[in-house]
Amino acid sequence: MMKTNLTYQKRKSFPHYVHSHKIKTPITPYKTPFYYAAIDLGTTSCRLLVVKDTGDALKIIERYSSSVLLGEGLSKTGLLDECAINRTIRTLRLFVKKIHNWPVSNISAIATEVCRQAANAQEFLRRVFEETGLRIDVISDREEAELALESCGSLLSSPRYYNQHMHHSLYARKPCPNRALIFDIGGGSTEISWVRTDHTSRKYFLSGMTSLKHGIVSLTELFDQLTLKEAYNAAVRYITSKLESFESIYCIKREVAQQNVHMIGISGTITTLAGIALNLKRYDRYQIDGTILSCNALAQSIHKIKSMSQTALELHPCIGRSRASLVLAGCAIYEAIQDMWPTDMITVADRGLRDGLVIRMARDHQFRLRREDSNKHYFNEQPRSGALALSI
């Protein structure tokens, strides 16, 4: 077993609702920065984030993602495939080496739907620990939605209505919505969160969420006997039917009609569509994350993808070989969401669970310092409202 000198953060139970806690701001930065690492193991990808916390800012040091396709074939067999397990463990070994390049004090590693479903998930996680030293927690779909919301806090508390690429001046003149709909299209599931935002106090609350047990991998496998066109249309209808119960509970269409909903998309699907809409020569997170696009522009991206051959999809700089066979399923899920709740604009977020994890680690560290050393003036007397954000 590979030995590690990492201190593992114990995962706490999450609250029944999430909001941007008020945080005391240090008078001066920490004398010694703190480093946190987060690993998000999903159905298709394994992602790493290493962040330096200086006390007044969170700076990304290492951001890495690898396509492991851990959930390949899971929907048909109920088991994790041995080849997929070996691929994933190799990637996790690489992540441990990358983490060792920095004086990381806390690490949090989580797995999502792929390990919630697989009958041999515990055996897989035992092998991961034995071969890499990493302890991975399997989180619930509710916890997944809460972490995704945490990662988007800065977009909710300080929305970017001006977009340097699209110049949506009409949208910029509209009042800030106090409702948000956040969707995260994953490989094995899709989480949708209904959020209430209080812009005065810069707090946000998770009013409700749903988890559809279908993502880009499982949906592709569900309709793999049909032609591409038939499979796409069937997937849109299927996901739309799954969204109806959530709509009946929260009546989101009514808020959408009043233009009171800030739509935020998280996932490789929505960032891929944004990269195509912006005509990027290569994928660039700095141009994607936080950008606001019209839904018409994203619809045009879907039309382009539908017209491309498999080879063209593999060669496209914003798609690539690992996502070429799955991208249409993601487009179908997005189209179903947009059909159900047709907003004019959407904020694209290249962030997710690992971002939420490091933000929570930083917040917990600030609260812990304040409790342990409240008399040494590390913190101002006046609280700072709003969400922590990563410097990109």
Between [X] and [Y]: side-chain donor-acceptor atoms closer than 3.5 Å:
{"X": "Glu244", "Y": "Ser241", "value": "no"}
{"X": "Ser211", "Y": "Glu191", "value": "yes"}
{"X": "Asp53", "Y": "Tyr35", "value": "no"}
{"X": "Thr197", "Y": "His262", "value": "no"}
{"X": "Thr54", "Y": "Asp56", "value": "yes"}
{"X": "Thr271", "Y": "Arg285", "value": "no"}

Presence of salt bridge, [Y] and [X], under 4.0 angstrom:
{"X": "Asp141", "Y": "Arg116", "value": "no"}
{"X": "Arg87", "Y": "Glu72", "value": "yes"}
{"X": "Arg93", "Y": "Glu131", "value": "yes"}
{"X": "Lys52", "Y": "Glu62", "value": "no"}
{"X": "Asp198", "Y": "Lys203", "value": "no"}
{"X": "Arg351", "Y": "Asp184", "value": "no"}
{"X": "Arg127", "Y": "Glu130", "value": "no"}
{"X": "Lys213", "Y": "Glu113", "value": "yes"}

[X] and [Y]: same hydrophobic cluster, using ILVMFWY side-chain contacts below 4.5 Å?
{"X": "Trp341", "Y": "Ile249", "answer": "yes"}
{"X": "Leu293", "Y": "Leu280", "answer": "yes"}
{"X": "Leu222", "Y": "Leu228", "answer": "yes"}
{"X": "Leu326", "Y": "Leu315", "answer": "no"}
{"X": "Leu79", "Y": "Val68", "answer": "no"}

For [Y], does its backbone N or O pair with a side-chain atom of [X] as donor and acceptor, under 3.5 Å?
{"X": "Asp350", "Y": "Asp289", "result": "no"}
{"X": "Glu123", "Y": "Asn120", "result": "no"}
{"X": "Asn86", "Y": "Glu82", "result": "yes"}
{"X": "Thr43", "Y": "Gly188", "result": "yes"}
{"X": "Thr132", "Y": "Leu134", "result": "yes"}
{"X": "Ser301", "Y": "Ala297", "result": "yes"}

[atom1]/[X] to [atom2]/[Y] distance, rounded to the nearest 0.5 angstrom?
{"X": "Ile107", "Y": "Ile136", "atom1": "CD1", "atom2": "CD1", "value": "9.0 Å"}
{"X": "Leu125", "Y": "Asp137", "atom1": "CG", "atom2": "CG", "value": "9.0 Å"}
{"X": "Met263", "Y": "Cys295", "atom1": "CE", "atom2": "SG", "value": "6.5 Å"}
{"X": "Ser267", "Y": "Ile185", "atom1": "OG", "atom2": "CD1", "value": "4.5 Å"}
{"X": "Met209", "Y": "Leu149", "atom1": "CE", "atom2": "CG", "value": "11.0 Å"}
{"X": "Ser67", "Y": "Arg323", "atom1": "OG", "atom2": "CZ", "value": "8.0 Å"}

side-chain contact (heavy atoms from CB on, under 4.5 Å) between Leu243 and Leu212: does it pass, once the steps are laid out? CA-CA 8 Å; Leu243 297 174; Leu212 309 183; 3.7 Å; yes

With a 4.5 Å limit on heavy-atom distance, are the side chains of [X] and [Y] in contact?
{"X": "Val195", "Y": "Phe205", "answer": "no"}
{"X": "Ile319", "Y": "Ile276", "answer": "yes"}
{"X": "Tyr204", "Y": "Asn178", "answer": "no"}
{"X": "Ile139", "Y": "Thr112", "answer": "yes"}
{"X": "Ile302", "Y": "Lys306", "answer": "yes"}
{"X": "Phe183", "Y": "Ile270", "answer": "yes"}
{"X": "Asp355", "Y": "Arg63", "answer": "yes"}
{"X": "Ile359", "Y": "Leu58", "answer": "yes"}

Could you walk me through whether Ile39 and Leu92 pass side-chain contact (heavy atoms from CB on, under 4.5 Å), step by step? CA-CA 9 Å; Ile39 294 174; Leu92 291 172; 4.1 Å; yes

Where is the tightest heavy-atom contact between [X] and [Y], given as atom of each residue plus distance?
{"X": "Ala37", "Y": "Val50", "result": "CB-CG2, 4.2 Å"}
{"X": "Leu155", "Y": "Gly290", "result": "CD2-CA, 4.0 Å"}
{"X": "Gln338", "Y": "Thr343", "result": "NE2-O, 2.8 Å"}
{"X": "Gly352", "Y": "Ser151", "result": "O-CB, 3.2 Å"}
{"X": "Cys115", "Y": "Val138", "result": "CB-CG2, 3.8 Å"}
{"X": "Gly42", "Y": "Leu70", "result": "O-CB, 4.1 Å"}

Quickly, which of Ile333, Thr269, Ile305 forms a side-chain contact (heavy atoms from CB on, under 4.5 Å) with Leu328? Name it, please.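 Answer to the side-chain contact (heavy atoms from CB on, under 4.5 Å) test with Leu328 among Ile333, Thr269, Ile305: Ile305.
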
Applying the side-chain contact (heavy atoms from CB on, under 4.5 Å) criterion to Ile182, which one of Leu206, Ile192, Leu156 satisfies it?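 Option passing the side-chain contact (heavy atoms from CB on, under 4.5 Å) with Ile182: Leu156.
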
Dump the intermediate steps for side-chain hydrogen bond (donor to acceptor under 3.5 Å, both in side chains) on Glu335 and Tyr232, then the final yes or no. CA-CA 10 Å; Glu335 187 170 320; Tyr232 186 88; 2.6 Å; yes

Test side-chain contact (heavy atoms from CB on, under 4.5 Å) applied to Val327 and Ile216, step by step: CA-CA 7 Å; Val327 66; Ile216 60 174; over 6 Å; no

Assess whether side-chain contact (heavy atoms from CB on, under 4.5 Å) is satisfied between Ser189 and Glu144, documenting all intermediate values. CA-CA 10 Å; Ser189 66; Glu144 190 173 348; 4.3 Å; yes

Go through Arg354 and Ser65 one step at a time and tell me if the side-chain hydrogen bond (donor to acceptor under 3.5 Å, both in side chains) criterion holds. CA-CA 11 Å; Arg354 53 183 169 167; Ser65 180; 5.2 Å; no

Is it true that, when you exclude Arg126 itself, more than 12 heavy atoms of the residues, nucleotides or ligands shown sit nearer than 6.0 Å to its CZ?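 Buried by this count: over 12 neighbours within 6.0 Å.
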
Quiz item: cation-pi between Lys98 and Tyr64, 6.0 Å / 45°: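 Yes, Lys98 sits over the ring of Tyr64.
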
